[in-house]
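Please read the structure below before turning to the comments.
In what follows, every chain begins at residue 1, and chains take the letters A, B, ... in the order their sequences are listed. On a predicted model such as this, the values are computed, not experimentally measured, just so you know.
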2 protein chains.
Amino acid sequence: MRKVTVYDVAELAGVSIATVSFAFTRPDKVKAETLRNVMAAADQLGYVPSASARGLARGRTGAIGIYSYDYLLDPDHDKPATDTRTPAPDGRLFPLYADEVQRGVQIECRRRGYALMLGGNRASDHLPHVIEVAGRVDGLIAFAGALTDGARRQVTARIPVVELGGLERDDARTVLVDNESGMFDLARHLVEQHGHQRFAYVGELGTEEFKARRRGFERALGAGGITVPDVVPAHAGDDASTLRAVAEILALPQLPDAIVCDTDQSALAAIVALRTAGLRVPDDVAVTGFDGILAGRLATPVLTTVLQPMEQVGRVAVEILAGAIDGRDDAGPALPLTCSLFVGSSCGTH
Amino acid sequence: MRKVTVYDVAELAGVSIATVSFAFTRPDKVKAETLRNVMAAADQLGYVPSASARGLARGRTGAIGIYSYDYLLDPDHDKPATDTRTPAPDGRLFPLYADEVQRGVQIECRRRGYALMLGGNRASDHLPHVIEVAGRVDGLIAFAGALTDGARRQVTARIPVVELGGLERDDARTVLVDNESGMFDLARHLVEQHGHQRFAYVGELGTEEFKARRRGFERALGAGGITVPDVVPAHAGDDASTLRAVAEILALPQLPDAIVCDTDQSALAAIVALRTAGLRVPDDVAVTGFDGILAGRLATPVLTTVLQPMEQVGRVAVEILAGAIDGRDDAGPALPLTCSLFVGSSCGTH
DNA sequence: CTCAGAAATCTAAGCGCTTAGATTCTTACT
DNA sequence: AGTAAGAATCTAAGCGCTTAGATTTCTGAG
């Protein structure tokens with residue numbers, strides 16, 4: 001089953017390969033009758049143009065890559081397919097931030113006629129994983145933290161890169177979300193609508209995003225003339241650390257009115273911990289999260305949180321990347337995307 | 001920013017391009033010192049090998065494609081990214097069958113070092129969408145029904161194709177799920193464990209899968225000597241049709257003991273309809289589904305259903321495809337993957 | 001010190017397409 | 001009929017890599 005090429009089609013149609021190429025790429029340049037002949041020949045032979053040859057000749061592949069963390073694919077899947085009997089761990093049941101963003105990317109790629117390449121090959125001995133992806137595409141979207149500085153430098157030397165979140169850099173464009181305002185609005189809601197006075201803050205300051213959330217929190221409390229509590233440390237994605245944080249809060253001389261968590265996942269774990277301790281949410285203490293994941297919307301009580309525009313992040317990233325690929329280097333840094341307050345019932349029944 | 005090529009690296013390292021190529025692909029064939037030099041030069045220049053050139057020279061791309069339905073990306077997204085304010089419709093909040101399968105594909109691709117190409121370009125005037133994808137990959141995974149006969153013929157002429165579900169064909173391999181046994185087990189459970197006698201069946205017979213489910217149902221009832229009810233028609237994904245079906249059932253002279261729906265989505269809609277009519281599930285009537293989607297597990301009552309091995313479907317598909325790509329045409333049709341009964345509380349409290 | 005054989009490297013020919021620029025065929029006028 | 005301008009088609013030169021097979025360099029036994 002030798003592969004059918006332009007040469008085969010050209011021969012059958014009785015034209016040159018250039019004409020075949022034109023027939024597919026610029027049909028208006030070809031006489032109607034010739035076009036019909038070529039297409040008939042192609043159809044008869046089952047011709048499928050090679051994207052490799054096309055990409056090489058054109059200097060672009062027509063594809064965009066998305067690169068995220070390896071750990072999104074859980075580790076215990078490093079075994080043959082036939083072993084997979086156990087269902088995925090619970091955390092994975094819900095679409096995560098990265099999934100939602102990817103969806104946005106997918107939608108926008110299709111709109112613009114780009115193929116989407118998912119971070120693919122495992123790292124070979126000499127090429128880091130991301131380089132393998134970078135070689136296949138005209139532009140790369142990367143989640144903050146997924147790229148080492150070295151890798152970013154190397155990749156940006158060849159193709160434009162858009163990073164999602166993190167710090168702004170000069171070698172890559174960045175899509176930012178206004179975490180600070182989001183958290184500000186949330187905290188203000190707690191103060192103004194619910195009259196909460198004593199707060200606890202559970203989370204971390206490990207990335208720009210988390211720092212911004214904290215800033216928004218401090219700003220809102222400051223504006224209300226309320227004492228800003230210290231950060232009770234808990235790491236995103238580590239429920240045990242949230243449980244410890246809640247224990248710490250329960251050991252305080254006085255229970256706070258509200259516990260503000262810097263992720264939904266953490267907030268949900270906190271609610272469980274509080275319940276276990278015999279407390280009612282929100283009656284005894286309010287709890288809020290950040291992100292807007294599905295689990296929060298389905299929880300009881302419905303989690304009050306800050307909704308991130310995840311799908312939009314993905315779409316905007318493609319938009320910017322497409323501009324960069326086409327050489328339109330859209331002026332200046334894009335405005336950060338805005339979050340919206342999502343009021344559930346976990347923040348108080350008022 | 002001219003692209004860095006093997007030539008540049010070779011020149012800087014003082015070797016031929018062949019040596020550069022060897023350094024990357026078969027490092028053991030190169031003297032240690034040379035290898036170091038080449039790598040240093042590559043690193044210094046920011047060399048990223050072109051997958052297009054590589055694919056052309058090698059005759060394979062190292063990527064696998066997955067092709068599903070366009071309508072999984074909802075239609076109202078055909079507008080610029082900046083307009084996206086409204087959240088996705090509710091149905092999309094949950095990971096669907098296709099998402100779970102894709103996840104399995106993704107995991108297995110990574111394990112095997114394949115890049116994954118998502119159905120990409122919109123159809124051009126002359127090339128159907130799928131052909132664009134097919135030109136980029138060494139093998140294609142397609143959901144049943146996503147491929148027209150013509151497209152399948154054309155694609156299979158160039159690369160191996162694995163279809164997920166549907167009919168077995170001679171030009172493409174197929175990953176099958178044993179829908180019949182799954183539904184058989186479910187129905188038997190209803191009969192034997194709960195002693196249900198009078199049944200209603202809501203669903204359709206539009207595809208092989210649905211027909212198999214119905215067969216399993218008929219077989220189980222037959223085995224129990226129970227009268228098999230007709231299919232009350234309802235279309236997957238169309239909740240309104242389920243509501244009509246429930247109305248039809250409620251109009252019967254006698255309420256059945258159990259309503260067996262051929263999808264979870266339909267079952268969940270049915271539960272809502274029954275509640276609206278003032279009936280309790282499962283006390284007044286039991287309801288069951290098929291698929292094992294997340295929403296069912298989170299519903300109250302928890303939906304009794306048949307769990308499809310979705311992730312495994314994806315993984316097995318890649319496994320088969322990889323075999324076909326390597327010329328190992330693994331003997332015979334693979335066994336259908338088995339479903340498992342998931343007993344919630346919607347089938348009766350017994 | 002020689003020389004065969006192995007190891008390392010190089011030369012050169014593609015892989016299947018795109019696309020300037022050259023050539024040939026049409027068409028519409030004079 | 002003759003011709004110039006367009007339209008249609010063709011020729012041929014890459015695009016950046018891989019890989020036989022040729023060539024050179026190294027190694028160690030005699």
Side-chain angles (χ1 to χ4, degrees), chain A residues 2-38 41-42 45-62 124 126-127 131-132 134-138 157-159, chain B residues 2-38 41-42 45-62 124 126-127 131-132 134-138 157-159:
Chain A
R2 217 186 88 268
K3 263 162 193 158
V4 178
T5 72
V6 265
Y7 294 97
D8 304 312
V9 177
E11 189 180 345
L12 180 58
V15 297
S16 76
I17 59 164
T19 302
V20 174
S21 178
F22 285 141
F24 280 95
T25 55
R26 298 208 301 273
D28 50 301
K29 296 268 166 240
V30 167
K31 210 195 335 180
E33 191 198 333
T34 313
L35 183 59
R36 263 197 316 277
N37 290 342
V38 171
L45 295 172
Y47 171 63
V48 175
S50 151
S52 295
R54 195 169 263 196
L56 184 54
R58 290 217 263 240
R60 42 165 75 197
T61 63
S124 68
H126 292 293
L127 285 185
I131 299 300
E132 294 268 315
R136 300 175 177 278
V137 298
D138 298 331
R158 167 175 259 252
I159 51 174
Chain B
R2 219 189 86 267
K3 262 163 195 160
V4 177
T5 71
V6 266
Y7 295 96
D8 304 311
V9 176
E11 189 179 347
L12 182 58
V15 297
S16 76
I17 59 164
T19 302
V20 174
S21 178
F22 285 141
F24 279 95
T25 54
R26 299 211 298 275
D28 50 301
K29 296 268 164 239
V30 167
K31 214 200 324 182
E33 192 197 332
T34 313
L35 183 58
R36 265 198 313 277
N37 289 342
V38 171
L45 295 172
Y47 171 64
V48 175
S50 152
S52 295
R54 195 170 265 195
L56 183 55
R58 290 216 265 241
R60 43 164 76 195
T61 64
S124 68
H126 292 293
L127 285 184
I131 299 300
E132 294 268 315
R136 299 175 177 279
V137 298
D138 298 332
R158 167 176 257 252
I159 52 173

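- Closest contact between the side chain of Thr25(A) and the listed nucleotides dT18(D), dT18(C), dT9(D) involves dT18(C).
- In this structure, Thr34(A) reaches the sugar-phosphate backbone alone: every heavy-atom distance under 4.0 Å involves primed, P, OP1 or OP2 atoms, never a base.
- Comparing dT18(D), dT11(C), dG16(C) by their nearest atom to the side chain of Ala18(B) picks out dT11(C).
- Under 3.5 Å, the side chain of Tyr7(A) and the base of dC17(C) form at least one donor-acceptor pair of N or O atoms.
- Between Tyr47(B) and Tyr7(B), the ring center distance fails the sub-6.0 Å criterion.
- Nearest to the side chain of Ala53(A), among dT9(D), dG16(C), dT18(C), sits dG16(C).
- When the nucleotides dG16(C), dC15(C), dC10(D) are ranked by their closest atom to the side chain of Phe22(A), dC10(D) comes out on top.
- Ser16(A) comes within 4.0 angstrom of a base, heavy atoms only.
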Check the pair Val9(B) / Val4(B) against side-chain contact (heavy atoms from CB on, under 4.5 Å), numbers first and verdict last. CA-CA 8 Å; Val9(B) 176; Val4(B) 177; 4.3 Å; yes
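- Counting only heavy atoms from C-beta on, Thr5(B) has its side chain closest to dC17(D) among dC17(D), dC17(C), dT19(D).
- When heavy atoms are screened at a 4.0 angstrom cut-off, Val20(B) is found touching no nucleic acid atom at all.
- How far CG of Leu45(B) is from CD of Glu11(B): 9.5 Å, rounded to the nearest 0.5 Å.
- In this structure, Leu56(B) places its CG atom 5 Å from C1' of dG16(C), rounding to the nearest Å.
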